[in-house]
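So the structure is just underneath, and the comments pick up after that.
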Amino acid sequence: MDRGSNYNPTGPIDKSRVLDVKPLRSLKPIFSPQMGSSQTGPFPGVPPTGPFAPGGPSFFPFASGNESQRASGFANVIPSPVPLNSFRTPDTQYSNGNAGPSKTRGRPRKGRTEDDYGASDLGENLDDPSSGRKQRGSSHKRAKGPANLSSVQVSIDDTLDQFLRAFKLTALESHQQADGNKELVARVLLTYNLFRRRLFQICEAKEDIPGGTNRPDLKAATTLMNKGARTNSTKRVGPVPGVEVGDIFFFRMEMCMVGMHAPTMAGIDYMTVKLSADDEPVAVSVVSSGGYEDDGEDGDVLIYSGQGGVQRKDGQIFDQKLERGNLALEKSLHRANVVRVIRGVKDVPNGTGKIYIYDGLYKIHESWVDKGKGGCSVFKYKFVRVPGQPEAFTLWKSIEHWKAGSGTRIGVILPDLTSGEETLPVSLVNDIDDEKGPAYFTYSSTLKYDKPFDLPVPSSGCACHGGCQAGDANCPCVQRNEGFLPYNSLGVVLNYNSLIHECGSSCLCPPNCRNRVSQAGLKVRLEVFRTKDKGWGLRSWDPIRSGMFICQYAGDVIDASSIMDLGSEHEEYIFDATRAYPSLDYTSNGSAEVPFPLVISAKNTGNVARFINHSCSPNVFWQPVLRDSGDKTYLHVGFYSIGHIPPMQELAFDYGIPKSDRAALRRKRCLCGSLNCKGYFY
DNA sequence: GCCCAATCAGGCTA
DNA sequence: CTAGCCTGATTGGG
């Protein structure tokens, strides 16, 4: 019921009596509150129909069918990597007016950590005590390779243009910028994240490049938005087309770009609606991320604090005023309008970062004035979630309980089907039917090569005792990856090469080197679960960032020529790199294939990857990864997320198309259920 | 239209 | 690890 101290049971008070306020001009509801109306549908009272309710389900008559089908399949639109020679070409070959040192902003670059997500765990347990926690400062900078500034600038521009072209965002129609849809939102966010990561990778490797930044999140967003690559820029009360309840974001700018929440810092977003006589502000969304003392009785209630009203360092105290966002919330309360709520939670693996969860539509039930710390007056608003929406924030709370072992999770068959083989347990869960588990197999987290199947790649290990450093031109591992480290410290791939060269056994770097991601094991808590109609599948309790490593494909490497003879029951657990995969087709234009015909059977021995199902709209893709072992180099297959994946969403990748006609005859009915499902897979 | 203030970021340092 | 400083970007409002 009441939550006690903060709660004022006397109900809303007359704020104008207490504070310096603008008068509420009209309290007559624009829309009838509809609280007890007989309206049907999942969101009673939503939207507040009328002149300013463009939200809600829409048809997209302008979306070209085949274009949307093509573009939402991430894999076939991955831009090719910037060729290495673009960093070596003299300036004179380019006539780009932006190139040239004269355009540089003279801002001195500061020292920075190895990634854009705060402190890294690198540098701990180092042999070399003098290196300290982090390689920083002049010695580190001097180690960086000579950067050809202008050509790097060109490559940043080129990279962006490639992304924009690949995702067909070069010339968005104005109606597409104003009103989005799911496919468009996905394209904008994917482009943003690919560019942001690539931008970070380039900037951390080279000093003082024009357009360089220590805030790739901001830089990438402004660049994209300046080119018109955004959507849902029309503010609206109610749902945002293309964003679903439970969707997650890792940066405020992401929400800005897709019309979820426009302000870059402020917690309350509102719009001014035209009335017959006056303009009135109406709230559209709030972000609750711990800046104030927000609280709620349970997952469906949020006590939100108004904006402003701080206690300054000099001791001066400012009360909150009933203006701007606070006034808008007050109006939304009186109009009984819905407000989108975004919950910010701490990103545990990152530490300093936050994850923003879209928790759906809420209504403000009451407001009051409270005394905040320091004694200033603070507005409080009680948000109550509109019933009937999919679970979002409460799901996160449940997962916390599962992890702590305090919650009862129904349908758990095994707490850890890997029997400790993996770094993290993997639950086996069935809350669908009576199946007791998948057919017997031996769990193994590694890939087994029977025959020496090595590649003629001369491997000379690095000597980076403190872990490989971005921009270290002397590191052979950096060189093999075209001058960059392929991952950040969270295990996120930063760009898309046809091959990732990880450090191997001949390298002297420690096991927690940034370039040993796929060999370091699981980083997210996975579960094998019973799907409704596709057998067993794989999903994650933890949120997964765009580009993050998920797992490798373990099993037995088998002879590619024998794949034709395998029985159909065998091919259920086959990974076949010789198939045509959309992503590989795109990045390579057909030329750069996997170095040798790698086929893996996980029928008898395998890991979690054998449970990943096919989807025509995948959220996971794979990349070949090279690791050396002694004097031999072995190929592995790493799985990475395409976009951000909320907890408990099934992981799936595109199984590709077999190149042999015989195998192609064995097509199976696809049950992925996506809008652009081809209807079958192999 | 220009400028500026306000703001539940996010990186970095002490 | 946390508090605080610093740069930063959008948008509303004057």
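Letters go in sequence order (proteins before strands), and every chain restarts at 1.
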* To do: Kindly say whether, by distance alone, the side chain of A/Asp294 makes a donor-acceptor pair under 3.5 Å with the base of B/dC8?
  => yes
Each nucleotide N or O in nucleotides 10-12 of chain C that has a protein N or O under 3.5 Å away: list the pair and distance.
{"from": "C/dG12", "atom 1": "OP1", "to": "A/Lys235", "atom 2": "NZ", "distance (Å)": "3.3"}
{"from": "C/dG12", "atom 1": "O3'", "to": "A/Tyr270", "atom 2": "OH", "distance (Å)": "3.2"}

* To do: With the side chain of A/Leu218 defined as its heavy atoms from C-beta on, choose the nearest nucleotide among B/dA9, B/dC8, C/dA9.
  => C/dA9
* Regarding A/Lys371 and A/Ser377, is there a side-chain donor-to-acceptor distance under 3.5 Å anywhere? -> yes
* Asked: Quick one: is A/Tyr381 getting a side-chain N or O under 4.0 Å of the B/dC8 phosphate, OP1 or OP2?
  -> no
* Asked: Do A/Val185 and A/Met260 come close enough that some side-chain heavy atom pair is under 4.5 Å?
  -> no
* Asked: Atom OH of A/Tyr292 to atom P of B/dA6: distance rounded to whole Å?
  -> 12 Å
* Could you give the CZ-to-C1' distance, from A/Phe250 to B/dA9, as a whole number of Å? -> 16 Å
* To do: Grab the CG-P distance between A/Asn488 and B/dG10 for me, whole Å please.
  => 16 Å
* Look at the side-chain N and O atoms of A/Lys354 and state whether any lies under 4.0 Å from the OP1 or OP2 oxygen of B/dG10. => no
* Asked: A/Leu224 versus A/Val188: any side-chain heavy-atom pair under 4.5 Å?
  -> no
* Asked: Strictly by modelled atom types, are A/Arg197 and A/Ser546 linked by a side-chain donor-acceptor pair under 3.5 Å?
  -> yes
* Quick one: does A/Ser332's side chain have a donor or acceptor within less than 3.5 Å of a partner on A/Asn337's backbone? -> no
* Asked: Does A/Arg252 make a side-chain N or O approach to OP1 or OP2 of B/dA9 shorter than 4.0 Å?
  -> yes
* Asked: Quick one: CZ on A/Phe250 to CD1 on A/Ile544, what's the gap to the nearest 0.5 Å?
  -> 9.0 Å
* Asked: Hey, what do you get for CZ (A/Arg516) to SG (A/Cys468), rounding to the nearest 0.5 Å?
  -> 7.5 Å
* To do: Measure the distance from CD1 on A/Ile342 to P on B/dT7 and round it to the nearest whole Å.
  => 18 Å
* d(CZ, A/Arg196; P, B/dA9) in whole Å -> 16 Å
* **DNA chain B: stems of at least 3 consecutive Watson-Crick or G-U pairs whose donor-acceptor distances fall under 3.5 Å** => B:2-7 with C:9-14, B:9-14 with C:2-7
* B/dA6 P sits how many Å from A/Asp319 CG, rounded? -> 15 Å
* Asked: So what does A/Gly308 hit on the nucleic acid, given a heavy-atom distance under 4.0 Å: a base, only sugar-phosphate, or nothing?
  -> sugar-phosphate
* Quick one: A/Asp217 CG to C/dT7 P, roughly how many Å, whole number? -> 16 Å
* Test: A/Lys397 and A/Asp298 ion pair at under 4.0 Å -> no
* **A/Lys227: salt bridge (Lys or Arg N to Asp or Glu O under 4.0 Å) partners, not counting sequence neighbours** => A/Asp161
* Structure fact -> To the nearest angstrom, the CD-P distance between A/Glu323 and B/dA5 comes to 15 Å
